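Okay, structure first, notes after.
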Amino acid sequence: MPSPKELKFLSGLKAEILEFFELNDYRSYSLNQLHKAFAIRDRKTKEIYSDLVGKLIAENRLIKNEEGNVRFDNESFQVTGRVDHVNARFAFVIPEDGAKDIWVATGDLNNAKDGDKVIVQARRPSEKRKNDRPEGEVVQILERRSVELVGVIQVTPHYSFLIPDSKKIYEDVYLPKFEIKDAKHLDKVIVEVTRWGTDGKKAEGRVIKVLGKAGENDTEMHSILAEYGLPYDFPEEVEKAASSILVQIPATEIKKRKDMRKVLTFTIDPIDAKDFDDAISYQKLKNGNTEIGVHIADVSHYVKPGSVLDIEAYKRATSVYLVDRVVPMLPEKLSNGLCSLRPNEDKLTFSAVFELDANDTIVKEWFGRTVIHSDRRFAYEQAQELIENDSDDALVPVIRDLNRIAKTYRKARFDHGSVNFETAEVRFELDEDGKPIGVYPRIRKDAHKLIEEFMLLANKKVAEFVFNKKKDEPKNTMVYRIHEAPDPEKLQVFSSFAKKFGYQVTTDPQHVSKSFNALMENIEGKGEEHVLQSLAVRTMSKARYSTDPVGHFGLAFPFYSHFTSPIRRYPDVMTHRLLQHYLDGGTPAERAPLEIQCKHSSDREKLASDAERASIKYKQVEYMSLHEPQVFDGIITGVTEFGIFVEIGETSCEGLVRMVDLNDDFYDLDKNNYRIVGKSNGRVFTFGDKVQVKVRDTNLAKRTIDLELVGMRSGLVGKFANNRSRKREAPRGGRVIPKGKERGRRTGGRR
């Protein structure tokens, strides 16, 4: 079986062959002509190309004529992919093989819903949509994303129906009177679809769970979890398995480990944290060097492969962090108890220990199982106080030395090409009922960065150790956190956009990192900072898990794993198991099942991230709905054919100024220049403009805010164009910049 790396290479080669035939769709080629066109001479490569052409023919992407020559199928081809139902009028099918998305009118979805796996019969774009994506029609639904929907129930005397919460489900679901349990009018419920709609008939379903009254905090948080298929409690057998684990650490287990209980050790975490999965130890050695230990909760000691706890942890794959709660990957006895590195308790850990010389160079490293005893628990604010201010606290020299070393390593990382993105985060102040009474930016200071840098170091060194431990092929199989370089097309679009603000961003792959860092430095504190930073983040590829060691572009690390958070991430548990396997002299683990687990973990991480963003969006809308009417300063974060998206700086809430409410003119979308242009007055609204807005309406069910434009903030690119030559007809299109923000965490966020 080909390795994941080989499969990726073959997939790329296949796409190149298809693109060649598509560009030359006016003629057919024999295999020999194809080989000449690609300058292929050796027999092995010719066989690979011929085999890939055969697969493209089998998939109806290419056609073989009577003479045996091959040409692009101008008429149609079949593709398997997932539905992304972007609005009520049309959807995209995202092919599994990475080919171009296929545009499908809603009427041609043939009852496929968002997230469903389908086969689509695709064809070349019609003349009116020339040079756009291929068009298609769903011919078969292979797999439903889910048969459960979450929403608000509307109850009438004779029947009821569900209005789904999901913005990508556009039809109500009919509920017979006897299938609604004890649900009341406007309750939030989970419905199982028993029959999908056909021939103009609505889908039918039955209520399987009543979440509570819409608008109540617990109801809404539970409905968000249900919407994304995430659990909010543990099955009874899982809780039972956790409760049966002995709290006392056997003396026989301590003897198997390196005993570091007498070494100064402490944790630094958020003030409200309950699960402490990492600790730092510090000591000066007799030779004058410094020893720093990164100690991680030894979850794999308690969660054995194939056990009830392991099956549930893998199923979840990650903890979920909503605004007001954590939905843990492991039951509380483990996450907040046995595995939490609480102060003044002996704890089992997996450690990476580094010896540093006077130049902060690592001269020795050790990995293995340990037992520790945390002497102190710091909140970030407490550690920051010791860094910034004079104190008689005995740990001041230790914290400050660690901060100095972390800054040295951080600088070296950026000098080596690590990308410096500081993504904006928000935190909420909630009352006793979960209502938001304040929203604030989350500030990252030296204490946060100190911990982050040592976690990055441990993750990097564990990955390097496993890869280099076996010198010959096959190399040791490992779970890597990988991050590929930006897509060249996306990078070109971003570079062109940055140029409009007067900034140069190179598209040369060798210098992209330094160019991005220079940009971040140049825009700091300027009006366009948030806009360009947000778009730069979206230009980047998404980090994911894989057994393929392709490196981490954003961190500029050739090898990188996730080792430091096994309480909340299943891939870290996998990493611990693999590391111990190789420390014990084990042979390379089988790659295929691990790659499946990596894909599952990446998918679950995305779901959790989407749910987290949904909870933030809900609380932002709720906060604005409770806010007294006033004028806010904002910045345009997106332009579409139906309006302008504006982010309010004070609260980081995003809302929409609808095109129909811009009643001074008719506006067209100039997609290529990220702006809308008035047909008569030439007035321009563009991405990054600073504006003033008022809240017009809020919709908690849809998590949307409608805004009213009050004016442009003075001294900025408000752009009232007097020069008529600036007016232009512009094509209509979809939203230029997608909504949503990445949320990071203190150990490198999604890195």
Side-chain angles (χ1 to χ4, degrees), residues 258-271 273 276-296 341-344 347 349-368 370-416 418 420 422 443-462 464 555 557 563-565 746-748:
K258 184 172 185 174
D259 193 339
M260 298 188 71
R261 287 177 290 180
K262 293 184 179 179
V263 180
L264 173 65
T265 304
F266 50 86
T267 60
I268 306 178
D269 291 280
I271 194 167
F276 314 130
D277 52 10
D278 55 75
I280 299 285
S281 68
Y282 178 98
Q283 68 173 331
K284 288 291 186 180
L285 303 177
K286 291 180 180 179
N287 61 6
N289 289 345
T290 303
E291 181 190 88
I292 297 173
V294 179
H295 307 285
I296 309 302
L341 308 184
R342 299 182 298 198
N344 306 313
K347 293 292 180 179
T349 47
F350 215 134
S351 304
V353 183
F354 306 103
E355 183 179 332
L356 283 62
D357 65 15
N359 297 317
D360 299 326
T361 302
I362 296 174
V363 294
K364 190 181 295 183
E365 61 184 28
W366 179 89
F367 305 97
T370 54
V371 56
I372 67 164
H373 186 96
S374 177
D375 301 286
R376 189 97 163 257
R377 186 248 158 150
F378 287 103
Y380 283 124
E381 293 79 6
Q382 294 169 325
Q384 190 65 33
E385 182 73 17
L386 298 188
I387 291 171
E388 292 179 352
N389 302 312
D390 291 334
S391 167
D392 57 2
D393 192 305
L395 290 189
V396 167
V398 173
I399 296 290
R400 290 184 177 178
D401 195 37
L402 286 169
N403 188 46
R404 179 192 61 78
I405 296 168
K407 285 185 173 181
T408 300
Y409 282 20
R410 183 176 172 84
K411 182 180 182 304
R413 182 161 57 81
F414 289 137
D415 289 345
H416 190 62
S418 184
N420 185 14
E422 292 284 351
I443 307 298
R444 274 169 35 88
K445 295 187 176 181
D446 282 352
H448 300 80
K449 297 174 184 178
L450 180 161
I451 287 296
E452 176 184 68
E453 210 57 48
F454 286 110
M455 297 306 113
L456 292 176
L457 176 67
N459 288 335
K460 170 189 172 184
K461 289 297 183 180
V462 163
E464 288 179 351
L555 294 171
F557 290 164
F563 168 77
T564 53
S565 294
R746 62 178 180 77
T747 54

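This one's a predicted model, so the numbers in the text were calculated from it and none came from an experiment.
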- Message: For a 4.5 angstrom cut-off between non-hydrogen side-chain atoms, does D278 reach M455?
- Response: yes
- Item | Pairing residues for R377 by the salt bridge (charged side-chain N to carboxylate O under 4.0 Å, His left out) criterion, not counting sequence neighbours | none
- Partners passing salt bridge (charged side-chain N to carboxylate O under 4.0 Å, His left out) against K460 (at least two apart in sequence or in another chain): none
- Message: Test of understanding: with side-chain hydrogen bond (donor to acceptor under 3.5 Å, both in side chains), list the residues that count as partners of D446, not counting sequence neighbours.
- Response: K407
- Query: Hey, mind stepping through L402 and F454 against side-chain contact (heavy atoms from CB on, under 4.5 Å) and telling me if it holds?
  - Reply: CA-CA 9 Å; L402 286 169; F454 286 110; 3.9 Å; yes
- What residues, two or more places apart in sequence or in another chain, satisfy side-chain contact (heavy atoms from CB on, under 4.5 Å) together with A412? none
- Note on the structure: By ring pair (Phe, Tyr, Trp, His ring centres under 6.0 Å), F378 pairs with (sequence neighbours left out) F266
- Query: Which atom names give the shortest non-hydrogen contact between V263 and Q283, and what distance separates them?
  - Reply: CG2-NE2, 3.8 Å
- Which residues share a side-chain hydrogen bond (donor to acceptor under 3.5 Å, both in side chains) with S351, sequence neighbours left out: H295, T370
- Query: If you take all heavy atoms of E453 and A406, which pair is closest and at what distance?
  - Reply: CG-O, 3.4 Å
- Task: Begin with the C-alpha distance, continue with both residues' side-chain angles, and end with the deciding distance and a verdict on side-chain contact (heavy atoms from CB on, under 4.5 Å) for R413 and L555.
- Result: CA-CA 7 Å; R413 182 161 57 81; L555 294 171; 3.7 Å; yes
- Message: Could you check whether any side-chain heavy atom of R404 comes within less than 4.5 Å of a side-chain heavy atom of D360, counting everything from C-beta outward?
- Response: yes
- Item | For E291, all residues meeting salt bridge (charged side-chain N to carboxylate O under 4.0 Å, His left out), sequence neighbours excluded | none
- Full working for side-chain contact (heavy atoms from CB on, under 4.5 Å) between D401 and Y282: CA-CA 10 Å; D401 195 37; Y282 178 98; 2.6 Å; yes
- Item | Nearest atoms (heavy-atom pairs only) where V294 meets A458 | CG1-CB, 3.9 Å
- Message: I need the minimum non-hydrogen distance between A279 and T265, along with the two atoms involved.
- Response: CB-CG2, 3.8 Å
- Query: For D390, does the CG atom have more than 12 heavy-atom neighbours from other residues, nucleotides or ligands under 6.0 Å away?
  - Reply: no
- Item | Electrostatic pair K449-E452, nearest N-O below 4.0 angstrom | no
- What do you reckon, is NZ of K284 surrounded by more than 12 foreign heavy atoms closer than 6.0 Å? yes
- Task: Kindly indicate whether the side chain of I362, heavy atoms from C-beta on, has any atom under 4.5 Å from the side chain of L457.
- Result: yes
- Say you draw a straight line from CD1 of I292 to CD of E355; how long is it, rounded to the nearest 0.5 Å? 11.0 Å
- Note on the structure: Taken in chain and number order and not counting sequence neighbours, the residues that satisfy side-chain hydrogen bond (donor to acceptor under 3.5 Å, both in side chains) with E388 are Q384
- Query: Taking only residues two or more places apart in sequence or in another chain, which ones pass ring pair (Phe, Tyr, Trp, His ring centres under 6.0 Å) with F367?
  - Reply: F465
- Rounded to the nearest 0.5 Å, how far does NZ of K445 lie from CG of N403? 12.5 Å
- Item | Any residue meeting side-chain contact (heavy atoms from CB on, under 4.5 Å) with V396, in chain and number order, not counting sequence neighbours | L386, S391, D393, R400
- Message: Looking at every heavy atom in both N289 and A358, which two are closest together, and how far apart are they?
- Response: OD1-N, 4.2 Å
- Item | Where I399 and A383 come nearest, the two heavy atoms and their spacing | CG2-O, 4.0 Å
- Could you give the distance from NZ (K347) to CD1 (I296), rounded to the nearest 0.5 Å? 14.5 Å
- Query: Do D357 side-chain atoms and N359 backbone N/O form a donor-acceptor pair below 3.5 Å?
  - Reply: yes
- Query: Between I268 and I280, is a side-chain contact (heavy atoms from CB on, under 4.5 Å) present by the stated rule, with each step listed?
  - Reply: CA-CA 8 Å; I268 306 178; I280 299 285; over 6 Å; no
- Task: Would you please name every residue forming a salt bridge (charged side-chain N to carboxylate O under 4.0 Å, His left out) with K258, sequence neighbours left out?
- Result: none
- Message: Can you tell me how far apart CD1 (I372) and OG1 (T349) are? Round to the nearest 0.5 Å.
- Response: 4.5 Å
- Message: If the condition is ring pair (Phe, Tyr, Trp, His ring centres under 6.0 Å), which residues does F557 pass it with, not counting sequence neighbours?
- Response: Y560
